[in-house]
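Below: the structure, in structure tokens.
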Amino acid sequence: MSEPTADPQQQAPPVCPRHPDRVAYVRCQRCGRPVCPDCQRPAAVGVQCVDCVKAQARTMRTTRTVFGGNVTDTPRVSYAIIAICVVVFVLQTARPGLSRDISFVPYLGAHEPWRFLTSAFAHATITHILFNMLALWMVGAQYLERLLGGARYAAVYLVSAIGGSACYLLLSPAVPFQPGNPSSWYIGAVGASGAVFGLFGALLVLNRHLGRSSAGMYATIGLNAVIGFVVPGIAWQAHLGGLVTGAAVAGVIAATTAKERRRWQWPGVVLVLLVVIAVAVAKYAVAPADILA
């Protein structure tokens, strides 16, 4: 004897689990539950609910670059650096004393070590910042950040900035102040040029590792090197330090690209930074005490 069944017209309509007050006749293709329009997410076939999309995202492996970084379509780190430099330049214009407070001056660096990095976000003129940001955009945002991923790219930039300041310090003669003819020991340096040259150096190393041509970059580096020596007021020492440091960091990244060696990548980057710091400490150690701030 068959059991009586409920009249279909008397059955309650399906509702969305996340919004019980909403009737939902569309069902998730993954879990089969009703899903209202606000909770529907397009899928390859039909739609999925929000919960299934989140669960699927947790199980998916993050796509990585050849050097182990997360793949990114938006160069957020480059955008952030450019934004910081622009804001700092506006503040420098509004408050001229700010340049003096954040520039890298060798005789002040021993007691104010933040200058090794802050100087890389300050610029002397509108032309100065425009050229540096253009180079950052072309080499960093359009190529290196996508090649390395945000974290590794930021490491190359920041360590190169510190390396540029350290080289400026290393090549500055630690001599007493001479009125009218001060050495670079007492002259402040600002600009992202050292960090940008670090990106140049990284590009050369990484392209060589990947078997790609860097012919155009050699010409760019050579031209900038000549300008650094010919045009007065340019801290070529920072350019040199940034170039060498960026190449060193990129060398570590390239040497530890293989998955079995990738765990040594960040320790290697830290080691490069420690070497840069050691160079600065050694310079201050041999400098006469009476010329340090």
Side-chain angles (χ1 to χ4, degrees), residues 77-140 154 156-174 177 181-201 221 223-246 273 276-277 279-280 283-284 292-293:
V77 175
S78 295
Y79 287 157
I81 294 171
I82 292 173
I84 293 172
C85 288
V86 171
V87 170
V88 171
F89 184 73
V90 171
L91 293 176
Q92 286 179 266
T93 305
R95 181 179 163 234
L98 179 62
S99 299
R100 182 185 63 252
D101 295 337
I102 63 178
S103 64
F104 179 72
V105 187
Y107 89 98
L108 294 175
H111 301 287
E112 299 176 357
W114 61 84
R115 292 175 179 269
F116 280 84
L117 185 59
T118 57
S119 59
F121 295 96
H123 291 83
T125 64
I126 185 67
T127 304
H128 191 198
I129 188 173
L130 285 177
F131 272 104
N132 278 341
M133 295 304 99
L134 178 62
L136 173 63
W137 174 257
M138 294 174 62
V139 177
V156 171
Y157 187 89
L158 296 176
V159 177
S160 296
I162 298 172
S165 297
C167 190
Y168 184 73
L169 165 68
L170 180 65
L171 299 180
S172 295
F177 181 79
N181 187 30
S183 73
S184 54
W185 187 259
Y186 303 95
I187 300 175
V190 294
S193 303
V196 170
F197 265 77
L199 299 184
F200 292 167
I221 294 173
L223 177 61
N224 280 274
V226 171
I227 292 175
F229 285 104
V230 174
V231 179
I234 295 180
W236 60 268
Q237 304 94 324
H239 295 181
L240 176 62
L243 181 70
V244 172
T245 305
L273 177 59
V276 170
I277 294 174
V279 168
K283 176 69 175 186
Y284 284 126
L292 295 176

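Worth knowing before you read on, the calculation uses all heavy atoms, side chains too, and leaves out hydrogens, waters and symmetry mates.
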Atom CE in M133, atom NE2 in H128: separation rounded to 0.5 Å?
-> 8.5 Å
Would you name the heavy atoms of A235 and A189 that are closest together and state the gap between them?
-> CB-CB, 4.2 Å
Flag the pair D101 / R95 as yes when at least one side-chain heavy-atom distance between them is below 4.5 Å, and no otherwise.
-> yes
Taken to the nearest 0.5 Å, the spacing of N132 CG from I129 CD1 works out to 8.0 Å
Between V139 and V196, is any pair of side-chain heavy atoms under 4.5 Å apart?
-> no
Write down the atom of A166, the atom of V276, and the distance for their closest heavy-atom approach.
-> CB-CG1, 3.7 Å
Taking the side chain as every heavy atom from C-beta outward, state whether Y157 and L136 have any pair of such atoms under 4.5 Å apart.
-> yes
is_close_aromatic(H239, F197), centroid dist under 6.0 Å | yes
First locate atom CG of L158, then atom CD1 of I81, and finally report the distance between them rounded to the nearest 0.5 Å.
-> 6.5 Å
What is the distance from atom CD of Q92 to atom CZ of F121, rounded to the nearest 0.5 Å?
-> 12.5 Å
With a 4.5 Å limit on heavy-atom distance, are the side chains of F89 and I126 in contact?
-> yes
Heavy atoms only: give me the nearest S184-Q237 pair and the separation to one decimal.
-> OG-NE2, 4.4 Å
Indicate yes or no for a side-chain donor-acceptor contact from K283 to the backbone of S172 under 3.5 Å, with no hydrogens or angles considered.
-> yes
Out of curiosity, Y107 OH to W185 CH2, how far, rounded to the nearest 0.5 Å?
-> 11.0 Å
Taking side chain as C-beta onward, heavy atoms only, is S160 less than 4.5 Å from L199?
-> no
Any side-chain heavy-atom pair of R115 and S165 under 4.5 Å | no
Measure from the side-chain N and O atoms of T245 to the backbone N and O of V159, and report whether any donor-acceptor pair falls under 3.5 Å.
-> no
For the pair Y168 and F104, name the ring-plane relationship: parallel under 30°, tilted 30 to 60°, perpendicular over 60°.
-> perpendicular
Correct closest heavy-atom pair for I187 and P106 would be O-CD, 3.8 Å
dist S193:OG -> W236:CH2 (nearest 0.5 Å) comes out at 14.5 Å
Reference residue T118; test side chain to side chain contact (heavy atoms under 4.5 Å, CB included); the match among V88, I102, V190 | I102
CZ (F131) with more than 12 external heavy atoms under 6.0 Å | no
